[in-house]
Amino acid sequence: MAKPVLLITRRLTDAVHARAMRDYDAILNLDDTVFTRDALIARCQTVDAVLPCHSEHFSADVIAALPDRLKVIANHSVGVDHVDLAAAGARGIVVTNTPDVLSDATAEIAILCMLGAARRGAEGDRMVRDGKWNFWSPAFMVGRQVTGKRFGVLGMGRVGQVTAERARGFGMTVHYHNRSRLAPHLEKGAVFHDTVEGLMAVSDVLSLHCPSTPDTLDVINARTLALLPEGAVLVNTARGNLVDEDALIEALSHGKLFAAGLDVFKTEPGGNPRIAALPNVFMLPHIGSATQETRDAMGHRALDNLDAVFAGRTPGDLLV
Ligand code: 8YV
């Protein structure tokens, strides 16, 4: 029997490519060219499945232009805000994601962002790198200690739970808001707040881990930022759309926020030059899941989902 034709939109790991080539008639993108909308549609015309990253946008109009033979969008990501799930569901296209396997890697980056922001990592690095470190004093580069402080988690899903566990290693008290309260064995003593506002008021560090949906668009805005304790630290490793960047710049410029650690931005790639101009921001280029182990695991998880669909089984990570 002919193997299903699979388009892999971006360069994945060698191990994932090898498995895809073995089990599928796989079309790779070894040059890692970023497809335009039209190129994405064109390349999907002759395939049975696509394995995209969050860089490929399957909006309703793109989904409408997909061929009937395309049965699955097996995402190489946990976030699926780049896919119009309702439009895919209406066309009977299966959509899957890759949860769990990136939680540890993303939690590492969240902790890096927290420490980089609280302890002025970007400023210090730049000073030494630029040859401008010509002075030392006990009053110099004084940051915020996180040990023993309150760690607020907005979105206590898999990544939020692992990040909270890492924060406990710093003796931090965990507080969270989630759509529903977790069972005690998952909560592990974390304090549940039934509103975003309640969480903001107790978060010395606030770390965002909720999905980007119409409901969470700009959930961090002038009103909610004002509720944080003075001199709080904001960490975002989830999605740029969660934060009103103008309000963030205001809060960082006037001391409401001590600092922010950001791995994601509203505009990607690129970020926000006005945020980049602020000294009290530690920034990374959306690399939460970028480790060899996790990239392998994400690719294999996406292929597991595809294998299930083509074997007539329900994929483990079925979204629609
Ligand atoms: C990746 C992510 O950078 O999984 C997600 O939602 O944002 C990241 O893990 C990316 O999507 C990899 O394809």
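The figures here come from the full heavy-atom set of this structure, side chains too, leaving out hydrogens, waters and symmetry mates. In this chain, residues are counted from 1 in sequence order. Read the numbers this way: they start at 1 and go in the same order the structure lists the ligands and their atoms.
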For Arg239, atoms of ligand 1 separated by under 4.0 Å from a heavy atom = 2 (C), 5 (C), 6 (O), 7 (O)

At a 4.0 Å threshold, what atoms of ligand 1 neighbour a non-hydrogen atom of Ser77?
-> 4 (O), 5 (C), 6 (O), 11 (O)

Where on Leu102 is there a heavy atom closer than 4.0 Å to ligand 1, on the side chain, on the backbone, on both, or on neither?
-> side chain

Evaluate ring-ring contact (aromatic ring centres under 6.0 Å, His included) for His76 paired with His54, printing each intermediate quantity in order.
-> CA-CA 7 Å; His76 181 274; His54 78 285; 9.6 Å; no

Could you check atom 10 (C) of ligand 1 against the protein and tell me its nearest heavy-atom contact, residue, atom and distance included?
-> His54 ND1, 3.2 Å

Sub-3.5 Å donor-acceptor pair from the side chain of Asp84 to the main-chain atoms of Ala86, do we have one?
-> yes

Quick note on ligand 1: atoms under 4.0 Å from a heavy atom of Ser289 include exactly 1 (C), 3 (O), 8 (C), 9 (O)

Would you find a donor on one side and an acceptor on the other, under 3.5 Å apart, between the side chain of Trp133 and the backbone of Phe135?
-> yes

Basic-acidic side-chain contact under 4.0 Å: Asp246, Arg274 = yes

Of the protein's non-hydrogen atoms, which lies at the shortest distance from atom 13 (O) of ligand 1, and what is that distance?
-> His76 O, 2.5 Å

Non-hydrogen atom of Met298 closer than 4.0 Å to ligand 1 | yes

Where the side chain of Thr224 meets the backbone of Asn221, is there a donor-acceptor pair that is under 3.5 Å apart?
-> yes

Contact (N/O only, under 3.5 Å) between Cys53 and ligand 1 | no

Do the ring planes of Phe192 and Tyr176 sit parallel (below 30°), tilted (30 to 60°) or perpendicular (above 60°)?
-> tilted

For ligand 1, which atoms sit closer than 4.0 Å to a heavy atom of His286?
-> 2 (C), 3 (O), 7 (O), 8 (C)

What are the atoms of ligand 1, with element, lying closer than 4.0 Å to any heavy atom of Val78?
-> 4 (O), 5 (C), 6 (O)

Between Lys71 (side chain) and Asp68 (backbone), is there a donor-acceptor pair under 3.5 Å?
-> yes

